[in-house]
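Scroll down for the structure; my scribbles are underneath it.
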Protein chains: 2
Amino acid sequence: MALTALKRQPAEQLATDALRDAILTGSVKLGERLTEVELADQFKVSRGTVRLALHQLSSDGLVVLKPYSGWSVITLEPRDMWEIYTMRGGLEATGARLAAEQLDEDGARQLEQAGELLFEGVRNAVGLDEIKRRDFALHRCIVELAKNSRLSHHYRLVEQQVRLFLSTTYSENYKEAVIEHHRPIVEAILSRNPTLAATLSADHCMSEGNRILRASEETDDRT
Amino acid sequence: MALTALKRQPAEQLATDALRDAILTGSVKLGERLTEVELADQFKVSRGTVRLALHQLSSDGLVVLKPYSGWSVITLEPRDMWEIYTMRGGLEATGARLAAEQLDEDGARQLEQAGELLFEGVRNAVGLDEIKRRDFALHRCIVELAKNSRLSHHYRLVEQQVRLFLSTTYSENYKEAVIEHHRPIVEAILSRNPTLAATLSADHCMSEGNRILRASEETDDRT
DNA sequence: TTTTTGCCGATTGTCACCAATCAGTAATAA
DNA sequence: TTATTACTGATTGGTGACAATCGGCAAAAA
């Protein structure tokens, strides 16, 4: 008798996750219109269930509802990118500060591991998607080390929005910068320097934000 | 013809707001159990509507759902207070920094006004509730000056949680400290010093958090 | 032509009913 | 007695039908 507990998922949760995933992977586009009946048909659940899912995602800031009129996936203007990256910077700075203040043996090990995984990936030139994944994982690791569930929650929401336009914005040649951007942050935390860790994190996000903002402006110019 | 647009509110919104208000004012207690049917009866709406409202408040972190079992208002341990005040500090620091960076004539006027309203209230000894209101208003004013809708949104959520245990934690004798705590922050922003504004804001929240944490520990000791 | 009015299809908003699940209790068997 | 099973009430999970609202279009009036 050593069976793993199988977790039932209520349909509302499944629908929410499925739709969220569809939005984040870009299989439903930004600004696309969503109707409750159509989604209900596709997911093979009732409208009420879809409705609940949509409201959840609305709280997460991924879709918006115009009353009695319709749902649609949010759109992202340059202004939104600024907002999102500013938020990310602020939250990560808080996270990095707390992480550095409270770092223990176990946390140090996790952080080193997450960092090394990213750096190793860059050196061995694994796929760009994989690098992105490890990049996100490192940032998330830092935030988790703050041991603040509310911070983690808010950060997850912002991270989602980052993914949202990262799925449209590409960049092959920023790989080299990854190591030099992240290494100092990791080391500041490992050496338990809260102020430095916070400053570096905020700056890193700002420069990332500016880089992506510039990239998207170039794209806009072409059109 | 100069009639103000009357805004119809869907029942879901009304229910959400009413329940939120009931929780924040303490007319439903922390940890109290909530059933969908009972709420539906009281609000004179259907269960589906209440259900939607509860899910919304769940996203806001005010209530929690144990699947197939029941809803209840969240409870707040000392650990939660630490989390909340840490968050608040981080967000306000970000807000204050941005406010100082982008301050314009109009913003400066609003900030001075909000500050003066609070300080004047303290000097003239208006009610404690009124002081709290003006205190919140000043903090909110600063965050709004950052002109970042996402920051405002996240801050509102955290502010709600602050109210949640401020409704149970009292303190008559912190009035004197109010001016000396807030004045420097306001002036740092007015003098457009982002770094100082951020630091002061974070420190202010931390000390507030510690004060309330101590107060609640004393209360716990008595029981 | 221009403005107003009424209509219609699409979509969300609301409701009442039934199903699934949980937690505690009583009945039953060892 | 003790452990297992079956039952029961309460609560959430899910569905289909109906009502309210919106936006655009066509008909009618000016």
Side-chain angles (χ1 to χ4, degrees), chain A residues 1-20 22-23 28-75, chain B residues 1-20 22-23 28-75:
Chain A
M1 283 290 283
L3 302 178
T4 165
L6 47 86
K7 57 173 179 183
R8 282 164 301 277
Q9 291 274 39
E12 354 179 292
Q13 200 56 42
L14 292 175
T16 307
D17 293 343
L19 186 51
R20 188 203 315 278
I23 294 173
V28 291
K29 305 281 185 302
L30 294 186
E32 185 169 337
R33 203 142 177 289
L34 300 171
T35 66
E36 297 178 356
V37 280
E38 190 178 347
L39 289 172
D41 285 350
Q42 296 200 256
F43 287 145
K44 302 294 181 201
V45 295
S46 91
R47 256 192 65 215
T49 305
V50 168
R51 204 172 156 66
L52 225 48
L54 282 166
H55 269 96
Q56 295 244 145
L57 295 180
S58 162
S59 300
D60 287 6
L62 291 179
V63 302
V64 289
L65 168 62
K66 192 175 168 192
Y68 287 103
S69 171
W71 298 90
S72 47
V73 182
I74 62 165
T75 57
Chain B
M1 283 291 283
L3 302 178
T4 165
L6 46 86
K7 58 173 179 182
R8 282 165 300 277
Q9 291 274 40
E12 347 178 301
Q13 200 55 41
L14 292 175
T16 307
D17 292 344
L19 186 50
R20 189 203 314 278
I23 294 173
V28 291
K29 306 280 184 304
L30 293 187
E32 186 169 337
R33 203 141 176 287
L34 301 171
T35 67
E36 297 177 356
V37 280
E38 190 178 344
L39 289 173
D41 285 351
Q42 295 201 256
F43 287 144
K44 303 293 181 202
V45 295
S46 90
R47 257 192 64 216
T49 304
V50 169
R51 202 170 159 66
L52 226 50
L54 283 166
H55 269 97
Q56 295 242 144
L57 294 180
S58 162
S59 300
D60 287 6
L62 291 179
V63 301
V64 288
L65 168 62
K66 191 176 168 192
Y68 287 103
S69 170
W71 297 90
S72 47
V73 182
I74 62 165
T75 58

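Lettering follows sequence order; numbering is per chain, from 1. Scope of the values below: all heavy atoms of this structure, side chains included, with no hydrogens, waters or symmetry mates.
Atoms CG (B:L65) and P (D:dT11) sit 14 Å apart, rounded to a whole Å. Between the P atom of D:dT15 and the CZ atom of A:F43 lies a distance of 13 Å, rounded to the nearest Å. Distance, B:Y68 OH to D:dT12 P: 12 Å, rounded to whole Å. Here C:dT21 presents its P atom at 16 Å from CD of A:Q13, a figure rounded to the nearest Å. Distance CD (B:E12) to C1' (D:dA19): 14 Å, rounded to an integer number of Å. Taking atom CZ of A:R47 as the reference point, atom P of C:dG13 lies 8 Å away to the nearest angstrom. Summarising the geometry, the separation between CG on A:L54 and P on C:dT11 is reported as 14 Å, rounded to the nearest angstrom.
Residue B:T49 has no polar side-chain atom (N or O) positioned under 4.0 Å from OP1 or OP2 of C:dG13. The phosphate of C:dT11 (OP1 or OP2) has no side-chain N or O of A:W71 nearer than 4.0 angstrom. The side chain of A:K66 contributes an N or O atom lying less than 4.0 Å from OP1 or OP2 of D:dG23. OP1 or OP2 of D:dG13 sits under 4.0 Å from a side-chain N or O of B:R51. Using a 4.0 Å cut-off, some side-chain N or O of B:S46 falls inside it from OP1 or OP2 of C:dC15.
Considering every non-hydrogen atom in both A:G61 and A:I74, the closest pair reads O-CD1, 3.4 Å.
No donor-acceptor pair under 3.5 Å is formed between the side chain of A:S58 and the backbone N or O of A:L54.
Side chains of B:I23 and B:R20 form no contact here, defined as non-hydrogen atoms less than 4.5 Å apart. Considering only heavy atoms from C-beta on, A:V73 stays 4.5 Å or farther from A:L62 through its side chain.
Counting only heavy atoms from C-beta on, A:V45 has its side chain closest to D:dT15 among C:dC15, C:dC17, D:dT15.
Atom CG of A:L14 is separated from atom CG of A:L19 by 12.5 Å, given to the nearest 0.5 angstrom. Expressed to the nearest 0.5 Å, how far CH2 of B:W71 lies from CD of B:E32 amounts to 15.5 Å.
As judged by a 4.0 angstrom heavy-atom cut-off over every strand, B:G48 is placed among residues making no nucleic acid contact.
Nearer to the 5' terminus of DNA chain D, by closest-nucleotide assignment, is the contact made by A:L52 (compared with the other of A:L52 and A:P67).
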Exercise. When you look at A:E12 and A:Q56, which way does the side-chain contact (heavy atoms from CB on, under 4.5 Å) test go after all the steps?
Worked result: CA-CA 10 Å; A:E12 354 179 292; A:Q56 295 244 145; over 6 Å; no

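Less than 4.0 Å separates DNA chain C from at least one heavy atom of each of the following residues of residues 33-42 of chain A: A:R33, A:L34, A:T35, A:E36.
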